[in-house]
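A single structure is presented below for examination.
Both counts, for ligands and for their atoms, begin at 1 and track the order of listing. Throughout, numbering of the chain's residues begins at 1 and tracks the sequence. Remember, it's a predicted structure, so these values are computed and weren't measured experimentally.
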Amino acid sequence: MSSTTRISAKLLDRQLEGGRMSRRDFMMFCGIVAAAMGMPPAFAADVAHALESKKRPSVIYMHGAECTGCTEAILRSIDPYVDTLIMEVISLDYCESLMATAGHGAEKALEKAMQNPEGYFCTIEGAIPAKGGGVYGRVGGETMLSLFARVAGGAKGVIAMGTCASFGGVQAAAPNPSGAVGVGEAFAPLGIKPINISGCPPNPVNFIGTVVHLLTKGLPDLDAVGRPKMFFGSTVHDKCPRRKHFDAGEFAPSFESKQARAGWCLHLIGCRGPYTFNNCPTVQFNQANWPVRAGAPCIGCSEPGFWDQYAPFNRDVLMKGEKA
Ligand code: FSX
Ligand code: SF4
Ligand code: F3S
């Protein structure tokens, strides 16, 4: 069955099931999460147990300076139904892009969620405009800088979702007029240390895997820049299916070349896989594909230096432009 047919069949299944995940898909997803966490297949049962039996933790999800691609990556997931699962696993008590209410109603919902006697986790998507006291980013009349400090400061734990929230990302690209920075940098003076789930967008499996780890084993081991080692412990290059061509010195001369289509290495036309820590080759997106397998270079989207240190992204096009 082609992947398009498979996805259509999944969508039909989902409609027939009233949008809920079947037991089979749920267990399959638990297996994917267990594998992404570097655990043996038997751990899938522990993942299922954690997701089913734990009391749903309250999550306040804030949006900073960003493209909302992180949320889209979760909502557009098809196979399996990560969005459904996330909604069933956490109690999402505030999220501007998903809640029906707006304005004063939303502000009240936020204050109420922050008063939860059992506490809450805070997820921040997007960078924090920090220049000029934060005047370049406001929500409900308050700067993101001040509002997010209050919300994150009162949380049991903070997850920075995406590269913008982790390190500044696209929003911090030169000349960075709003002084955008990541959550860790913005709130270091308050002692707030987020778990960074980087990627532009991040993989939803890495988000749910982090939630599972928090529920079952507490804080995951983090690398030097605050990312869970279980997801960001090796480079894209380490597990790339084009790697054998890199090792053999077989490099595609252009993206449209027959060598690129035959799976040769994309390093000479811009791939940053050797310098990029992420699990895209093994986890993929939607269990369907990922940039390098689709014929695009890894552009380093999960790294602290992304955007400026990794651009320009397409040397193939750049070289053609120079020749023209
Ligand atoms: Fe966009 Fe998220 Fe990139 Fe940033 O993703 S996908 S610009 S990481 O904050 O919405
Ligand atoms: Fe490494 Fe990129 Fe080549 Fe894959 S395509 S082997 S990640 S350089
Ligand atoms: Fe990003 Fe590279 Fe993966 S661009 S999505 S880290 S292949």
- Query: Can any side-chain N or O of Glu125 pair as donor or acceptor with the backbone N or O of Thr71 at less than 3.5 Å?
  - Reply: yes

Is Glu96 atom CD crowded by more than 12 heavy atoms from other residues, nucleotides or ligands, each under 6.0 Å away?
yes

message = Using 2.8 Å as the threshold, say whether any N, O or S atom from Cys301 sits that close to atom 1 (Fe) of ligand 3.
response = yes

For salt bridge (charged side-chain N to carboxylate O under 4.0 Å, His left out), just list the numbers for Arg272 and Glu303, CA-CA rounded to whole Å, side-chain angles, deciding distance to a tenth of an Å, and then say yes or no.
CA-CA 10 Å; Arg272 310 299 203 280; Glu303 287 303 299; over 6 Å; no

The atoms of ligand 1 lying under 4.0 Å from a heavy atom of Gly126, numbered in the order shown, are 9 (O)

**OP:** Check whether any side-chain N or O of Arg293 sits under 3.5 Å from a backbone N or O of Gln284 as a donor-acceptor pair, and report yes or no.
**Re:** no

- prompt: Are Tyr94 and Ile192 connected in a single hydrophobic cluster, I mean Ile/Leu/Val/Met/Phe/Trp/Tyr linked by side-chain heavy atoms less than 4.5 Å apart?
  reply: yes

Original post:
Above 12 or not: heavy atoms from other molecules or residues under 6.0 Å from NZ of Lys156?
Top reply: yes

Note to self: Looking at ligand 1, would Gly169 count as a contact under a 4.0 Å heavy-atom criterion?
What the structure shows: no

Ligand 2 atoms nearer than 4.0 angstrom to some heavy atom of Arg243 are 6 (S)

In ligand 1, the atoms that come under 4.0 Å of a heavy atom of Pro201 are 6 (S)

Does an N or O from Gly199, backbone or side chain, lie closer than 3.5 Å to an N or O of ligand 1?
no

Residue, atom and distance of the protein heavy atom nearest atom 3 (Fe) of ligand 2 read Cys265 SG, 2.4 Å

heavy-atom search around atom 5 (S) of ligand 2 in the protein gives Leu266 N, 3.3 Å

min-distance protein heavy atom vs atom 2 (Fe) of ligand 3 -> Cys298 SG, 2.4 Å

In ligand 1, the atoms that come under 4.0 Å of a heavy atom of Gln171 are 7 (S)

Review point. Checking Ser302 side chain against Ser198 main chain: does a donor-acceptor pair fall under 3.5 Å?
Key: no

Of Cys67, Cys70, Gly168, the one whose closest heavy atom lies nearest atom 2 (Fe) of ligand 1 is Cys70

Nearest non-hydrogen protein atom to atom 3 (Fe) of ligand 1, with distance, is Cys200 SG, 2.2 Å

Open item on the list: If you measure every N or O of Thr68 against every N or O of ligand 1, does any of those distances drop under 3.5 Å?
Closed with: yes

Thr163 heavy atoms within 4.0 Å reach ligand 1 at atoms 8 (S)

Within the 4.0 Å heavy-atom cut-off, what Glu72 brings close to ligand 1 is neither

- Message: Whether the side chain of Thr163 engages the backbone of Gly199 through a donor-acceptor N/O pair (distance < 3.5 Å, no angle test) should be reported.
- Response: yes

Under 4.0 Å from one or more heavy atoms of Trp290, ligand 3 contributes atoms 7 (S)

*Should the ring pair His267 and Tyr275 be called parallel, tilted or perpendicular, given that the plane angle runs from 0 to 90° and is split at 30 and 60?*
tilted

Atom 2 (Fe) of ligand 2 sits nearest the protein heavy atom Cys271 SG, 2.3 Å

Check: Looking only at atom types and distance, does a side-chain atom of Ser257 sit under 3.5 Å from a main-chain N or O of Ala252, one as donor and one as acceptor?
Finding: no

* Counting backbone and side chain alike, does Cys240 bring an N/O/S atom below 2.8 Å of atom 4 (Fe) of ligand 2? -> yes

Counting from 1 in the order shown, the ligand 1 atoms closer than 4.0 Å to a non-hydrogen atom of Cys164 are 4 (Fe), 7 (S), 8 (S), 9 (O)

Among non-hydrogen protein atoms, atom 3 (Fe) of ligand 3 lies closest to Cys280 SG, 2.3 Å

In this structure, atom 1 (Fe) of ligand 2 is nearest to the protein heavy atom His237 ND1, 2.1 Å

| said: Looking at Asn116 and Ala113, would you say the former's side chain and the latter's main chain have a donor-acceptor pair under 3.5 Å? | reply: no

Under 4.0 Å from one or more heavy atoms of Glu66, ligand 1 contributes atoms 9 (O), 10 (O)

**Prompt:** Counting only N and O atoms by type, is there a donor-acceptor contact under 3.5 Å from the side chain of Asp221 to the main-chain atoms of Lys229?
**Reply:** no

Which of Arg242, His245, Lys244 passes side-chain hydrogen bond (donor to acceptor under 3.5 Å, both in side chains) with Glu250? It is His245

message: Is it the case that the side chain of Tyr136 and the backbone of Ala180 share a donor-acceptor pair, with hydrogens and angles ignored and the cut-off at 3.5 Å?
response: no

Problem set entry | side chain to side chain donor-acceptor pair (under 3.5 Å) evaluation trace for Asn278 with Thr276 | CA-CA 6 Å; Asn278 208 341; Thr276 304; over 6 Å; no

The residue among Val59, Asn196, Ile124, Leu214 that forms side chain to side chain contact (heavy atoms under 4.5 Å, CB included) with Ile159 is Leu214

Contact check, Pro274 vs ligand 2, heavy-atom distance below 4.0 Å: yes

Counting from 1 in the order shown, the ligand 2 atoms closer than 4.0 Å to a non-hydrogen atom of Gly273 are 7 (S)

Worksheet item: Can you tell me if Ile299 has a non-hydrogen atom under 4.0 Å from ligand 3?
Response: yes

Here the atoms of ligand 3 under 4.0 Å from any heavy atom belonging to Thr276 are 6 (S)

In ligand 1, the atoms that come under 4.0 Å of a heavy atom of Gly69 are 1 (Fe), 6 (S), 10 (O)

